[in-house]
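Notes to accompany the following structure.
Keep in mind it's a predicted model, so treat the numbers as computed, not measured. Excluded from the calculations below are hydrogen atoms, water molecules and symmetry mates; all remaining heavy atoms, backbone and side chain alike, are included. In what follows, chains carry the letters A, B, and so on, assigned in the order in which the sequence lines appear, proteins first and then strands, with residues in each chain numbered from 1.
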Amino acid sequence: MPLLDKLRAIVGPAHVLAGTELSPYVIEGRTPEAAVRPGSVDEVAAVIAQAAEAGVPVVPWGGGSAVGVGVPPARAGLVLLLTRLSALVEHEPGDLTATAQAGVTVAALQAALRARGQWLSLDPPDAARATLGGVLAANASGPRRHLYGTARDLLIGVTVVTADGAVVHGGGKVVKNVAGYDLPKLFIGSYGTLGVIVEATVKLRPVPDEERLVAVRFERLEDAGAAVRALLASDLIPNAVDLMDAPAGAALGLPPAPATLAVGFDGLGEQVDWQVAALASVVAPCGGAKPAPLPPALWERLAAAARDAFDAPAAMMTLSVLPGVVADTMEQGAEAARQRGLASAWCAHAGVGHVTATLRAEGERQDAAPIAAVLEDWRAAAHAGGGHASVTWAPLPVKSALPVWDDAGAAGRLMQRIKAQLDPNNVLNPGRFVGGI
Amino acid sequence: MAHATSETPAPLTLHGLSVEGVNQCVHCGLCLASCPTFSELGTEMDSPRGRIVLIRSLAEGRIGLSDSTVQHLSLCLDCRACETVCPAGVPYGRLIEAAKAEIERQRPGGPVRRAFRWINFDLLLRHPRMLRLAAAGLRLYQASGLQALVRTSGLIRALPGTLPAWEALLPPLPAAGRAPLPALTPAAGARRGRVAMLTGCVQSVVFGAHNRATARVLARNGWDVVAPAGQGCCGALNAHGGDHARALEMARRTIEAFEGERVAAIVVNTSGCGAHMKAYGTLLAEDPAWAERARRFAATVRDVAEFLAGAALRGPLQPVPMTVTYHDPCHVVHGQKIRTAPRALLAQIPGLRVVDLPESDWCCGSAGIYNLTQPEMAGRLLRRKVRHVLGTGASAVVTANPGCILQIQQGLHEAGSPVRVLHIVEILDRAYSSEGGCAPLPNLPPPSAAAKPPLERGNSNA
Amino acid sequence: MATLTAGRKPVLRRELEALVGADGVLSEPDELLVYESDGLTLFRALADFIVFPTSVEQVSAVVRLANREAIPFVARGAGTGLAGGCLPAEGGLVISLMRMNRVLEVDYDNQIAVVEPGLVNLHLSQAVGPRGFYYAPDPSSQQACTIGGNIATNSGGPHTLKYGVTVNHVLGLEVVLPDGEIVWLGGRTRDALGYDLAGVFVGSEGTFGIATKIVVRILRKPQAVKTVLAVFDRIEQASAAVSAIIARGLVPAAVEMIDQLTIQAVEDAFGCGYPRDAAAALLIELDGLAVAMETQAERIVAACRDAGAREVRTAASEAERQLLWKGRKSAFGAYGRVSPAYMVMDGVIPRTKLPYVLGRVNEIVAAHGLRVGNVFHAGDGNLHPNILYDPRKPGEEARVVDAGAQIMKVCAEVGGSISGEHGIGLEKADFMPFIFTAADLAFMQRLKDAFNPRGLCNPGKVFPTRKSCVETGPVAYRPHAIETQGLAQRF
């Protein structure tokens, strides 16, 4: 029996897409052989087992918001859509934990949790589209990671379907757990290369009494960088410290300024009031203007400020650097682009050294060489800042002009060994990840 | 947890001395980082928990007393820092003393070592007259220039065994003829009561000034101070050195010497003696004739700082304008759990600034005669102590034990530092002297310009 | 696996001495004996050598030598672990990291420190304290345990309720892999490139290699701290108060419970100020901004009073606060005053199951004719029932082991875990099937094979037991009581 027929037998004919139905699932110009929408964990397992047997690669797909990340695949294979697995399986407020299926969107999950006074303290961009499983697989995060961390600080249990179609659990449903290896950490940020996340258990927090976002304008980026350092050394406990250059600030509709620092606070009302007032005296010596309130709607747009700066981006890169050098990195990066005649936009979760940059496409025909050269400069800047940088989006010619992922060195070989152990036949999202995994 | 699985476990002993206390150890390891030797070496046989395993294994017959075991048990300072942090209340000091006694029993050593021990424990410590005689001889050695010759000529390196370390630590002995403490120092001002003082063995010879200062300070605080005749060594050095039998004998003699006095307290200004005398009750618990007497005696023993801190110091106190730091002698802070009293006293002295000493409650390496028997480790701990002292910027270290004073002062000399080491009674005594802080520092030799040999020399053949 | 013959040992000793120096190798029988257990004396195993490297190069060289000889090796820190995780279960080398104990670098601007694995946990906080920083994970043994050991077990501590466990504070690791290769996992920045190998390494109980440098986050000390002691006449009231606090939208830094038996032991030890007649007490700590600290404390006090607390008070001074914490953190050792031995259990349950599970624990222990003391991280649902017994009484140890297994089963049944912070080690390897399927364990085994393909690095841990014919060292190994009774087995 051909693979498609087998898949139809597993999930029902309506949930196997082929032909023109596949147009939304084209990956970097390659059309998959089919897309399949399983309705249960068992169906996911059966689908992967069949694909593995047929030697067809499987590309897990949540909301599709990060599908452009990584090396273009040699073969798009079978797209595994997880959107039907969208149940909130369990939420016990007294335990401050919840278990949900991978296909639930972040927005839907948060709405259900908030209705009971709690939330998952993870705020990646595109919450309406991004799914829980996808956010975990891509290790996506947002501004509040400054205080609450990333998926590795919140994910306590995970269920995956492995490359041979087995259902495997790691972690558990309790907030503290050292039994067995920490499989949740293994799957976070693994881009579906080791297993397909089908269910996750996360730690929750009570919704704070109050939350406020304020903006501080600076005449120079380096002054804003000094303000970030002063803020980190102060007694204040912000939940977000985001730094934007002029184009990124403009994308959010902020008043024009060479640099804007968006700072968030949450907690009891008096705590928020006191901190906003204290912030003024922390940033003023560094040349910061008086903090001005920002509309709450801006929260969810902060992380994508650089991406949204240009209608036609030429490339995007994420840099991970030491917090102390974020402003310098942004300044050097923008200068490197200018020297090659290109405009760029920069934003950063500055307190944790997570920097996002976008290059603007100039004109219709885009030469890949100068773009790749700028990206190489940016990568060098990240290395100088103690970190690393990877291309998160770029047209195919650019992606073929420089390594998409940074070099993981000796650790990369260990990653390859892990991949070889856990997915020996290269079934799961092959060839797209760090080190050729 | 115990290893024994027999139905009626016999009490664990080492040649009659109970080490049943090993069963209180639950092997949690919280003591490890507080142990100076473990901290230096990182080897668990040189930690309290590891030594307890060795002692238990010896008592159970699981191991014999090998060279290795002897070495690890001997390296224990008996500083009892582990007792302070032990949540299970393991009586570590008693265990290690039993182990050291066992080592002495099984391994008395060669004739030279035995002779040496005999001179120390049998001759000098038991016979105050002999000790004074020996001191006179040493004074002659110092005064005649022979000491300088030995130190500068390199002859010191030829001395056998641990003798070089002995030599280096030799304090400048005060000239003979200084009056010993009078039998009674009457109270000044309104009389509070009567206390007795232990004048000590080595203490009275080397640090007579401390005794006189102690008596003056007590008197200024309204106490008649008696120094009972017939007292000698309390036996602490014997006990720590594994000479259990002699320690018992000296304890009985000390009790006898003080029993007749009707005093509010027996005040001690040497920490090893104070801690040891407070433990007479346990030491003599097996002796029906002495158990009760020992308990009563022990209950009246007080460290001098502990005793004085019981009430506010009587004024007037003159300013002592200097910066000092306080080093906790092991047998004050760990042996007697006295931590706040000395600091509370120093805080009452006008003009005196007291800065914290990092690891203030760590052993300086003196530890009775440890600096003589284990000069290498003693040297490491001393250098660590000196580094911390110099880091404070203080001009003097205040402490409360002659061993610490000698050791730290010697370490500071070697480091070329002018920082002085004072007994707490000395600084109190200065505050009571009419000149206050302007009085000359009592009983302090000038830092010797003659280069002393580095402390660790001579240890390889020790 | 090769058995070390008597003739081979002196040769190997000389080779090891050439690598780490003569004073860096132990092989005397009495010395090996001292290393036969960690903080859990239920298990004992003798090494052939204890080796003390002082650099990553030495660790790597020793590991390569072990590979050449095909002898097993295991890293050891302070040996305060409570699951037998650092025991040389199959003999071979114990690699002690106690001579690699430096703080190599502190970067206050970026709030990270680079340390060696043998550094005592508390010493890091002491090192950065003068600049207003501290290292957050605070296992109760923090005065002695090492950061390398914390990495192995992913240690927690009272303040993990708010600040997370060790892995949440580790950014990067220099690791000697089981074949001797030196690699960096993660780094100094927050986000890893590729798989989160540092995250996976933490908590792998020494089976993935040996960490030789550790990049950790250091945190600013909070502006204010408030410690509340709530005293209850019934233990169920204390359990209910934990849920009530959470329900009021509060996440304190720590919520610790301590029961009567434990209170009396720590009061005997240090006189910390817990009321001896209380059935249970909650030690609750709030930290953060000074502003509104009172408001939060009032919420806590109200929640405790509503749950039936007979007394609620806040520590009046830093000294009183330290004393209360000293009592809490010394509790395990203090059991030495009321019992010649005890076995610490470490299970986790959903917070809401606390009253039920505590009741079951008491029933199980009573049914075995034993006593239990409870002191645990109530806010996390991380239980520590401590079963007291006298190993010299025939049969008691076996009853303890059986009661412990039943308690673990209860934890598993309510959706919990068999270890919250102590690790699986030797102790709980056979309990793994309580919470993991064969497929789960097979997947973990494959992950282990990627790091440790020859299985030489800390064999016999984490996974359920298998038989082996390897002998231990020259000092005769005495089977434990529970082994002779067939209750547990060594391999």
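- A distance of 13.0 Å separates NE2 in B/His27 from CG in C/Leu42, rounded to the nearest 0.5 Å.
- Using a 4.5 Å cut-off between heavy atoms, C/Ser141 contacts chain B through both its backbone and its side chain.
- The closest side-chain heavy-atom distance from B/Thr43 to C/Tyr35 is below 4.5 Å.
- Only the side chain of C/Glu28 comes within contact range of chain B, with heavy atoms under 4.5 Å apart.
- Among all heavy-atom pairs drawn from C/Ala144 and B/Ala33, the shortest one is CA-CB, 4.0 Å.
- Within the 4.5 angstrom heavy-atom criterion, only backbone atoms of C/Asp38 (N, CA, C, O) approach chain B.
- Using a 4.5 Å cut-off between heavy atoms, C/Arg337 contacts chain B through both its backbone and its side chain.
- Between B/Glu20 and C/Arg392 a salt bridge is recorded (basic side-chain N to carboxylate O distance below 4.0 Å).
- Atoms NE2 and OG, on C/His123 and B/Ser39 in that order, are 6.5 Å from each other to the nearest 0.5 Å.
- Annotation: B/Arg343, atom CZ; neighbour count of heavy atoms from other residues, nucleotides and ligands within 6.0 Å is above 12.
- Within a 6.0 Å radius of CG in C/Asp268, more than 12 heavy atoms belonging to other residues, nucleotides or ligands are found.
- Under a 3.5 Å cut-off, the side chain of C/Arg99 and the backbone N or O of B/Leu41 do form a donor-acceptor pair.
- A side-chain donor-acceptor contact under 3.5 Å links C/Asp30 to the backbone of B/Thr69.
- Comparing C/Val34, C/Asp23, C/Leu82 by heavy-atom pairs within less than 4.5 Å of chain B, the highest count is held by C/Val34.
- For chain B, the nearby part of C/Leu26 is the side chain; its heavy atoms alone come within less than 4.5 Å.
- Looking at B/Val85, the atoms closer than 4.5 Å to chain C (heavy atoms on both sides) sit in the backbone and in the side chain alike.
- Here OG of C/Ser339 is found 11.0 Å from CD of B/Gln24. Values are rounded to the nearest 0.5 Å.
- One finds no salt bridge joining B/Arg51 and C/Glu31 here, because no Lys/Arg side-chain nitrogen approaches an Asp/Glu carboxylate oxygen to under 4.0 Å.
- Contact annotation for B/Ser57: only side-chain heavy atoms (C-beta onward) come within less than 4.5 Å of a heavy atom of chain C.
- Summarising the geometry of C/Gly333 relative to B/Ala88, their closest heavy-atom pair is O-CB, 3.1 Å, with the distance given to 0.1 Å.
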Are B/Val26 and C/Phe332 close enough, and set up right, to give a side chain to side chain contact (heavy atoms under 4.5 Å, CB included), and what steps lead you there?
-> CA-CA 9 Å; B/Val26 292; C/Phe332 288 172; over 6 Å; no

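- Remark: side-chain polar atoms of C/Gln143 are paired, donor with acceptor, to backbone N or O of B/Leu30 under 3.5 angstrom.
- One finds the SG atom of B/Cys28 at 12.5 Å from the CG atom of C/Leu40 (value rounded to the nearest 0.5 Å).
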